[in-house]
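Read through the structure below, which is laid out as C-alpha coordinates, and then see the notes.
Keep in mind the model is a prediction, meaning the values are calculated, not measured.
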Amino acid sequence: FNESKKVDSKRQNCRITPANGDELSGELNGMDEKQLTLKTWYGGELKINRDAIHTVIPGQSISNLIYQDEGKKDGWVFSNSSAMLNIAKLPNGAVLPPAVLERRRAQAEAASKIKWAYDNGTFQSNGSNAQIGRNFDMTDRVNIEFDVEWTSSLSLYISLFTDNLKHYSQGNSYSLRLSQSSAYLYRYESGPNMRRSSRVGTTHSYNMRGQPGKAPQAHISIRIDKPKKLIALIINDTKVAEWKDPGNFAGKGQGILYRSGTTGTMRLANIRVSEWDGSLPGKVDITGGNSKEDFVRLANEDTLNGKLLSITVYFLQ
(Lines give C-alpha, C1' and ligand atoms only; values in the text may rest on other atoms or scores of the structure.)
Protein backbone atom coordinates (compact mmCIF):
# COMPACT_ATOMS: atom_id res chain seq x y z
CA PHE A 1 0.00 0.00 0.00
CA ASN A 2 3.04 2.30 0.00
CA GLU A 3 3.56 4.65 -2.91
CA SER A 4 5.04 2.62 -5.76
CA LYS A 5 5.97 2.93 -9.40
CA LYS A 6 3.07 2.52 -11.79
CA VAL A 7 3.40 -0.68 -13.77
CA ASP A 8 1.60 -2.15 -16.76
CA SER A 9 -0.56 -4.99 -15.46
CA LYS A 10 -2.33 -5.48 -18.77
CA ARG A 11 -0.43 -8.32 -20.42
CA GLN A 12 -1.42 -11.63 -18.83
CA ASN A 13 -1.75 -14.20 -21.59
CA CYS A 14 -0.91 -17.32 -19.58
CA ARG A 15 -1.97 -19.03 -16.35
CA ILE A 16 0.37 -21.33 -14.40
CA THR A 17 -0.77 -23.73 -11.68
CA PRO A 18 2.13 -24.89 -9.48
CA ALA A 19 2.00 -28.27 -7.77
CA ASN A 20 0.76 -26.66 -4.52
CA GLY A 21 -2.49 -25.56 -6.20
CA ASP A 22 -1.82 -21.80 -6.31
CA GLU A 23 -2.18 -19.89 -9.57
CA LEU A 24 0.09 -17.38 -11.31
CA SER A 25 -0.74 -15.15 -14.27
CA GLY A 26 1.64 -13.42 -16.63
CA GLU A 27 3.16 -13.27 -20.09
CA LEU A 28 4.67 -16.57 -21.23
CA ASN A 29 8.21 -16.06 -22.54
CA GLY A 30 8.98 -19.72 -23.20
CA MET A 31 9.82 -23.08 -21.66
CA ASP A 32 12.67 -25.57 -22.05
CA GLU A 33 13.38 -28.96 -20.48
CA LYS A 34 14.22 -27.38 -17.11
CA GLN A 35 12.34 -24.13 -16.62
CA LEU A 36 9.37 -22.04 -17.66
CA THR A 37 9.86 -18.26 -17.90
CA LEU A 38 6.92 -16.04 -16.99
CA LYS A 39 7.04 -12.24 -17.22
CA THR A 40 4.83 -10.67 -14.58
CA TRP A 41 3.88 -7.10 -13.68
CA TYR A 42 4.00 -7.92 -9.97
CA GLY A 43 7.29 -9.84 -9.69
CA GLY A 44 9.29 -9.20 -12.83
CA GLU A 45 10.56 -12.22 -14.74
CA LEU A 46 9.97 -15.49 -12.90
CA LYS A 47 11.79 -18.73 -13.71
CA ILE A 48 9.87 -21.76 -12.46
CA ASN A 49 11.25 -25.30 -12.43
CA ARG A 50 9.20 -27.66 -14.58
CA ASP A 51 9.05 -30.19 -11.74
CA ALA A 52 7.06 -27.62 -9.71
CA ILE A 53 4.44 -26.99 -12.42
CA HIS A 54 1.15 -28.86 -12.63
CA THR A 55 -0.57 -27.10 -15.55
CA VAL A 56 0.16 -24.40 -18.11
CA ILE A 57 -2.72 -22.61 -19.86
CA PRO A 58 -1.31 -20.42 -22.66
CA GLY A 59 -3.23 -18.33 -25.15
CA GLN A 60 -5.33 -16.41 -22.65
CA SER A 61 -6.79 -13.26 -24.17
CA ILE A 62 -5.26 -10.00 -22.96
CA SER A 63 -7.82 -7.91 -21.11
CA ASN A 64 -8.51 -4.38 -22.29
CA LEU A 65 -8.06 -1.94 -19.45
CA ILE A 66 -11.11 0.17 -18.54
CA TYR A 67 -9.75 1.94 -15.46
CA GLN A 68 -6.59 1.92 -13.38
CA ASP A 69 -5.89 4.35 -10.55
CA GLU A 70 -3.29 6.98 -11.41
CA GLY A 71 -3.07 8.78 -8.10
CA LYS A 72 -6.06 11.04 -8.76
CA LYS A 73 -9.50 11.17 -7.14
CA ASP A 74 -11.18 12.62 -10.23
CA GLY A 75 -14.64 11.15 -10.82
CA TRP A 76 -15.05 9.59 -7.38
CA VAL A 77 -18.13 10.51 -5.31
CA PHE A 78 -17.71 10.64 -1.52
CA SER A 79 -20.79 10.22 0.67
CA ASN A 80 -22.27 8.68 3.82
CA SER A 81 -25.46 6.62 3.78
CA SER A 82 -26.51 7.72 7.30
CA ALA A 83 -26.17 11.42 6.47
CA MET A 84 -28.71 11.02 3.64
CA LEU A 85 -31.61 10.35 5.99
CA ASN A 86 -34.30 13.03 6.00
CA ILE A 87 -34.05 14.27 9.56
CA ALA A 88 -37.34 16.16 9.65
CA LYS A 89 -39.83 14.31 7.47
CA LEU A 90 -42.47 12.19 9.20
CA PRO A 91 -45.55 10.45 7.78
CA ASN A 92 -48.93 12.23 7.63
CA GLY A 93 -47.38 15.67 8.10
CA ALA A 94 -46.37 15.08 11.73
CA VAL A 95 -43.83 17.47 13.25
CA LEU A 96 -40.90 16.47 15.42
CA PRO A 97 -40.35 18.16 18.79
CA PRO A 98 -37.50 20.72 18.64
CA ALA A 99 -35.25 18.67 20.95
CA VAL A 100 -35.62 15.54 18.81
CA LEU A 101 -35.09 17.52 15.63
CA GLU A 102 -31.91 19.07 17.00
CA ARG A 103 -30.62 15.66 18.09
CA ARG A 104 -31.23 14.28 14.60
CA ARG A 105 -29.44 17.22 13.05
CA ALA A 106 -26.44 16.63 15.31
CA GLN A 107 -26.42 12.94 14.39
CA ALA A 108 -26.57 13.75 10.68
CA GLU A 109 -23.72 16.26 11.04
CA ALA A 110 -21.58 13.69 12.86
CA ALA A 111 -22.36 11.09 10.20
CA SER A 112 -21.34 13.47 7.43
CA LYS A 113 -17.81 13.55 8.86
CA ILE A 114 -17.43 9.78 8.48
CA LYS A 115 -16.01 9.36 5.00
CA TRP A 116 -13.21 7.81 3.00
CA ALA A 117 -10.02 9.85 2.78
CA TYR A 118 -8.00 9.70 -0.44
CA ASP A 119 -4.22 9.91 -0.66
CA ASN A 120 -2.31 9.09 -3.85
CA GLY A 121 -4.32 6.08 -4.92
CA THR A 122 -5.28 4.78 -1.47
CA PHE A 123 -8.72 5.18 0.12
CA GLN A 124 -8.96 4.95 3.91
CA SER A 125 -12.24 4.77 5.86
CA ASN A 126 -12.71 6.37 9.26
CA GLY A 127 -16.02 4.80 10.26
CA SER A 128 -19.14 2.85 9.38
CA ASN A 129 -21.39 3.91 6.45
CA ALA A 130 -18.63 5.84 4.66
CA GLN A 131 -19.03 5.44 0.89
CA ILE A 132 -17.07 6.07 -2.31
CA GLY A 133 -18.36 5.44 -5.80
CA ARG A 134 -17.56 6.03 -9.43
CA ASN A 135 -19.02 5.36 -12.87
CA PHE A 136 -17.00 3.39 -15.42
CA ASP A 137 -17.37 2.51 -19.10
CA MET A 138 -18.05 -1.11 -18.18
CA THR A 139 -18.68 -3.81 -20.74
CA ASP A 140 -20.91 -6.88 -20.40
CA ARG A 141 -18.05 -8.91 -18.90
CA VAL A 142 -15.72 -7.14 -16.46
CA ASN A 143 -13.10 -7.92 -13.86
CA ILE A 144 -13.04 -5.55 -10.86
CA GLU A 145 -9.84 -5.82 -8.81
CA PHE A 146 -8.49 -4.09 -5.72
CA ASP A 147 -6.37 -4.66 -2.62
CA VAL A 148 -7.96 -4.30 0.81
CA GLU A 149 -6.36 -3.98 4.24
CA TRP A 150 -8.20 -3.88 7.55
CA THR A 151 -7.52 -3.55 11.27
CA SER A 152 -10.03 -5.07 13.70
CA SER A 153 -12.37 -6.62 11.13
CA LEU A 154 -13.25 -6.59 7.45
CA SER A 155 -16.78 -5.47 6.59
CA LEU A 156 -17.06 -4.12 3.07
CA TYR A 157 -20.13 -3.71 0.84
CA ILE A 158 -19.42 -3.44 -2.89
CA SER A 159 -22.30 -2.31 -5.11
CA LEU A 160 -21.94 -3.56 -8.69
CA PHE A 161 -23.40 -2.00 -11.84
CA THR A 162 -25.23 0.47 -9.60
CA ASP A 163 -27.17 3.51 -10.78
CA ASN A 164 -26.93 5.23 -7.36
CA LEU A 165 -23.48 6.36 -6.18
CA LYS A 166 -24.75 7.78 -2.88
CA HIS A 167 -26.56 4.84 -1.29
CA TYR A 168 -25.84 1.12 -1.47
CA SER A 169 -29.48 0.00 -1.23
CA GLN A 170 -31.43 2.77 -2.97
CA GLY A 171 -30.85 1.91 -6.59
CA ASN A 172 -30.66 -0.95 -9.05
CA SER A 173 -27.57 -3.02 -8.37
CA TYR A 174 -25.97 -6.05 -6.76
CA SER A 175 -24.36 -5.66 -3.34
CA LEU A 176 -21.55 -8.03 -2.41
CA ARG A 177 -21.08 -8.23 1.38
CA LEU A 178 -17.50 -9.18 2.19
CA SER A 179 -15.87 -10.15 5.50
CA GLN A 180 -12.67 -12.04 6.29
CA SER A 181 -14.61 -15.30 6.65
CA SER A 182 -17.65 -15.17 4.35
CA ALA A 183 -19.40 -13.42 1.47
CA TYR A 184 -22.99 -13.18 0.31
CA LEU A 185 -24.82 -11.33 -2.45
CA TYR A 186 -27.93 -9.12 -2.46
CA ARG A 187 -29.84 -7.65 -5.38
CA TYR A 188 -31.64 -4.31 -5.17
CA GLU A 189 -34.39 -2.96 -7.41
CA SER A 190 -35.82 0.54 -7.24
CA GLY A 191 -38.48 2.43 -9.17
CA PRO A 192 -41.48 4.72 -8.74
CA ASN A 193 -43.14 3.76 -5.44
CA MET A 194 -41.17 0.50 -5.38
CA ARG A 195 -38.08 -0.85 -3.64
CA ARG A 196 -37.17 -4.54 -3.46
CA SER A 197 -34.23 -6.48 -2.09
CA SER A 198 -33.46 -10.19 -2.03
CA ARG A 199 -30.61 -12.61 -1.45
CA VAL A 200 -28.97 -14.30 -4.43
CA GLY A 201 -27.83 -17.86 -3.78
CA THR A 202 -26.14 -18.86 -0.55
CA THR A 203 -23.44 -17.57 1.77
CA HIS A 204 -19.93 -18.79 0.92
CA SER A 205 -17.38 -19.33 3.69
CA TYR A 206 -13.57 -19.17 3.58
CA ASN A 207 -10.70 -18.03 5.79
CA MET A 208 -8.45 -15.08 4.99
CA ARG A 209 -5.42 -15.56 7.21
CA GLY A 210 -3.07 -12.64 7.72
CA GLN A 211 0.67 -12.80 8.32
CA PRO A 212 1.78 -12.53 11.97
CA GLY A 213 2.77 -9.00 12.92
CA LYS A 214 1.19 -7.42 9.83
CA ALA A 215 -2.18 -5.88 9.13
CA PRO A 216 -4.36 -8.46 7.33
CA GLN A 217 -4.87 -7.76 3.65
CA ALA A 218 -6.07 -9.49 0.48
CA HIS A 219 -6.29 -9.09 -3.27
CA ILE A 220 -9.92 -9.17 -4.40
CA SER A 221 -11.19 -9.90 -7.90
CA ILE A 222 -14.92 -9.72 -8.74
CA ARG A 223 -15.77 -11.04 -12.21
CA ILE A 224 -19.17 -10.30 -13.70
CA ASP A 225 -20.86 -11.72 -16.78
CA LYS A 226 -24.05 -9.72 -17.43
CA PRO A 227 -25.53 -11.96 -20.18
CA LYS A 228 -25.06 -15.04 -17.98
CA LYS A 229 -26.07 -13.10 -14.80
CA LEU A 230 -23.00 -14.58 -13.12
CA ILE A 231 -20.83 -13.02 -10.41
CA ALA A 232 -17.68 -14.75 -9.14
CA LEU A 233 -15.43 -13.81 -6.22
CA ILE A 234 -11.70 -14.58 -6.32
CA ILE A 235 -9.55 -13.90 -3.25
CA ASN A 236 -5.77 -14.10 -3.56
CA ASP A 237 -6.12 -15.90 -6.94
CA THR A 238 -8.45 -18.57 -5.52
CA LYS A 239 -12.12 -18.72 -6.48
CA VAL A 240 -14.14 -18.81 -3.26
CA ALA A 241 -17.68 -18.04 -4.45
CA GLU A 242 -19.91 -17.95 -7.51
CA TRP A 243 -23.50 -16.77 -7.83
CA LYS A 244 -25.93 -16.95 -10.73
CA ASP A 245 -29.08 -14.85 -10.58
CA PRO A 246 -32.15 -16.75 -11.87
CA GLY A 247 -33.97 -13.47 -12.57
CA ASN A 248 -33.17 -10.48 -14.75
CA PHE A 249 -29.84 -8.74 -14.25
CA ALA A 250 -30.52 -6.21 -11.50
CA GLY A 251 -27.76 -3.70 -12.21
CA LYS A 252 -28.93 -0.81 -14.39
CA GLY A 253 -25.98 1.53 -14.02
CA GLN A 254 -22.25 1.68 -14.69
CA GLY A 255 -21.15 2.40 -11.16
CA ILE A 256 -19.15 0.70 -8.43
CA LEU A 257 -19.76 1.77 -4.83
CA TYR A 258 -17.67 0.80 -1.80
CA ARG A 259 -19.28 1.12 1.65
CA SER A 260 -17.60 0.57 5.00
CA GLY A 261 -19.60 -1.58 7.42
CA THR A 262 -17.26 -1.26 10.38
CA THR A 263 -15.88 1.42 12.69
CA GLY A 264 -12.43 -0.10 12.23
CA THR A 265 -10.11 1.40 9.63
CA MET A 266 -10.00 -0.17 6.18
CA ARG A 267 -7.86 0.76 3.18
CA LEU A 268 -8.38 0.18 -0.53
CA ALA A 269 -5.65 0.42 -3.16
CA ASN A 270 -4.80 -0.59 -6.74
CA ILE A 271 -8.41 -0.38 -7.96
CA ARG A 272 -8.53 -1.69 -11.50
CA VAL A 273 -11.39 -2.46 -13.90
CA SER A 274 -10.81 -4.40 -17.11
CA GLU A 275 -12.67 -6.47 -19.65
CA TRP A 276 -12.93 -10.15 -18.72
CA ASP A 277 -12.48 -13.11 -21.06
CA GLY A 278 -14.78 -15.36 -19.01
CA SER A 279 -12.07 -17.62 -17.53
CA LEU A 280 -12.00 -18.50 -13.84
CA PRO A 281 -9.29 -20.00 -11.63
CA GLY A 282 -9.83 -23.65 -10.86
CA LYS A 283 -8.94 -27.18 -11.78
CA VAL A 284 -8.10 -27.94 -15.38
CA ASP A 285 -9.78 -30.90 -17.05
CA ILE A 286 -7.12 -33.59 -17.48
CA THR A 287 -9.52 -36.42 -18.21
CA GLY A 288 -7.75 -38.94 -20.41
CA GLY A 289 -4.30 -37.91 -19.28
CA ASN A 290 -1.53 -40.36 -18.46
CA SER A 291 0.11 -39.57 -15.11
CA LYS A 292 3.48 -40.81 -16.43
CA GLU A 293 3.54 -38.43 -19.40
CA ASP A 294 2.82 -34.83 -20.25
CA PHE A 295 -0.77 -34.25 -21.31
CA VAL A 296 -2.02 -31.65 -23.81
CA ARG A 297 -5.62 -30.61 -24.46
CA LEU A 298 -6.03 -28.63 -27.68
CA ALA A 299 -8.51 -25.84 -28.33
CA ASN A 300 -10.75 -28.27 -30.26
CA GLU A 301 -10.74 -30.64 -27.21
CA ASP A 302 -8.44 -33.21 -28.88
CA THR A 303 -5.80 -34.59 -26.49
CA LEU A 304 -2.20 -35.75 -26.76
CA ASN A 305 0.12 -37.69 -24.44
CA GLY A 306 3.91 -37.62 -24.61
CA LYS A 307 6.86 -35.48 -23.55
CA LEU A 308 6.61 -31.72 -24.09
CA LEU A 309 10.13 -30.65 -25.06
CA SER A 310 9.73 -26.87 -25.13
CA ILE A 311 7.47 -23.89 -25.80
CA THR A 312 8.81 -21.11 -28.01
CA VAL A 313 7.10 -17.74 -28.12
CA TYR A 314 7.44 -15.42 -31.10
CA PHE A 315 6.69 -11.72 -30.73
CA LEU A 316 5.48 -9.85 -33.78
CA GLN A 317 6.90 -6.36 -34.27
>> Could you check whether any side-chain heavy atom of Thr303 comes within less than 4.5 Å of a side-chain heavy atom of Phe295, counting everything from C-beta outward?
In response: yes
For this session: Please confirm whether the backbone N or O of Ser173 pairs with a side-chain atom of Ser159, one donor and one acceptor, at under 3.5 Å?
Result: no
Any side-chain donor near an acceptor of the partner, Asn236 and His219, under 3.5 Å: no
Distance col, row Ser152:OG vs Gln180:CD, nearest 0.5 angstrom, shows 8.5 Å
Inset, instruction - Please examine the side chains of Ile66 and Val142, heavy atoms only from C-beta on, and report whether any two atoms are closer than 4.5 Å. - result: yes
* Is it true that a side-chain atom of Asn164 and a backbone atom of Gln170 form a donor plus acceptor pair closer than 3.5 Å? -> yes
Main-chain N/O of Glu293 paired with Asn305 side-chain donor or acceptor, under 3.5 Å
no
*Leu308 backbone acceptor or donor facing Asp294 side chain under 3.5 Å*: yes
In this structure, NZ of Lys39 is separated from CG of Leu28 (nearest 0.5 Å) by 12.5 Å
Would you say the rings of Trp116 and Tyr258 are close, in the sense that their centroids are separated by under 6.0 Å? no
Arg267 side chain to Gln217 main-chain N or O, any donor-acceptor pair under 3.5 Å?
no
query: Is Leu24 linked to Ile311 within one hydrophobic cluster, defined over Ile, Leu, Val, Met, Phe, Trp and Tyr using a side-chain heavy-atom separation of less than 4.5 Å?
result: yes
query: Are Phe161 and Leu233 in one and the same hydrophobic cluster, where Ile, Leu, Val, Met, Phe, Trp and Tyr link if side-chain heavy atoms are under 4.5 Å apart?
result: yes
Taking atom NZ of Lys226 as the centre, does the number of heavy atoms from other residues, nucleotides or ligands within less than 6.0 Å exceed 12? yes
Are a donor atom and an acceptor atom from the side chains of Thr17 and Thr55 found within less than 3.5 Å of each other? yes
Quiz item: cation-pi between Arg199 and Tyr184, 6.0 Å / 45°: yes
In this structure, CD1 of Ile222 is separated from CD1 of Ile158 (nearest 0.5 Å) by 4.0 Å
Margin query: Quick check: Phe249 with Tyr174 (ring centres under 6.0 Å apart)?
Written below: yes
Do Ile53 and Val313 sit in one hydrophobic cluster, given that two such residues count as connected whenever their side-chain heavy atoms are within less than 4.5 Å of each other, even indirectly? yes
For Leu178 and Ala183 the tightest heavy-atom approach is CD1-CB, 4.0 Å
* Asked: Has Arg177 got its NZ or CZ under 6.0 Å from the middle of the six-membered ring of Tyr186, at an angle within 45 degrees of the ring axis?
  -> yes
**Asked** Okay, side chain of Asn172, backbone of Ser190: is any donor-acceptor separation there less than 3.5 Å?
**Response** yes
Would you tell me whether Asn129 and Asn80 have side-chain atoms, one donor and one acceptor, within less than 3.5 Å of each other?
no
Any side-chain heavy atom of Ile234 sitting closer than 4.5 Å to one from Arg223?
yes
Counting distance only, does the side-chain N/O of Ser260 pair as donor-acceptor with the main-chain N or O of Gly127 below 3.5 Å? yes
One should read off an interatomic distance between Thr265 OG1 and Asn126 CG, to the nearest 0.5 angstrom, of 7.5 Å
Does the distance from a Lys or Arg side-chain N to an Asp or Glu carboxylate O, for Arg272 and Glu145, drop under 4.0 Å?
-> yes
Tell me whether Trp150 is reachable from Ile235 by hopping between hydrophobic residues (I, L, V, M, F, W, Y) whose side-chain heavy atoms are closer than 4.5 Å.
yes
_Around atom CG of Asn20, are there more than 12 heavy atoms from other residues, nucleotides or ligands closer than 6.0 Å?_
yes
(message) Does any part of the side chain of Ile16, heavy atoms only, come nearer than 4.5 Å to the side chain of Leu36, both counted from C-beta?
(response) yes
Inset, instruction - Determine, step by step, whether Ile271 and Trp76 satisfy the side-chain contact (heavy atoms from CB on, under 4.5 Å) criterion, reporting the C-alpha distance in whole Å, the side-chain angles of both residues, the deciding distance to 0.1 Å, and the verdict. - result: CA-CA 12 Å; Ile271 297 175; Trp76 288 94; 3.9 Å; yes
Exercise. Is Ser179 reaching over with its side chain to a backbone N or O of Ser182, donor-acceptor style, under 3.5 angstrom?
Worked result: yes
Rounded to the nearest 0.5 Å, the NZ atom of Lys228 sits from the CG atom of Asp140 at a distance of 12.0 Å
query = Is the closest side-chain donor-acceptor distance between Ser198 and Arg196 under 3.5 Å?
reply = no
| query | How about Phe78 and Tyr118: are their ring centres within less than 6.0 Å of each other? | reply | no
Checklist line | N-O pairing of Arg187 and Asp245 below 4.0 Å | finding: yes
Notebook entry, point to check: Is atom CG of Asp137 surrounded by more than 12 heavy atoms (other residues, nucleotides or ligands) closer than 6.0 Å?
Noted result: no
Is Leu165 reachable from Ile224 through a run of I, L, V, M, F, W or Y residues, each pair having side-chain heavy atoms under 4.5 Å apart?
no
Backbone N or O of Met138 within a donor-acceptor pair of the Gln254 side chain at under 3.5 Å?
yes
Distance-only side-chain donor-acceptor flag, Gln131 / Ser79, under 3.5 Å:
yes
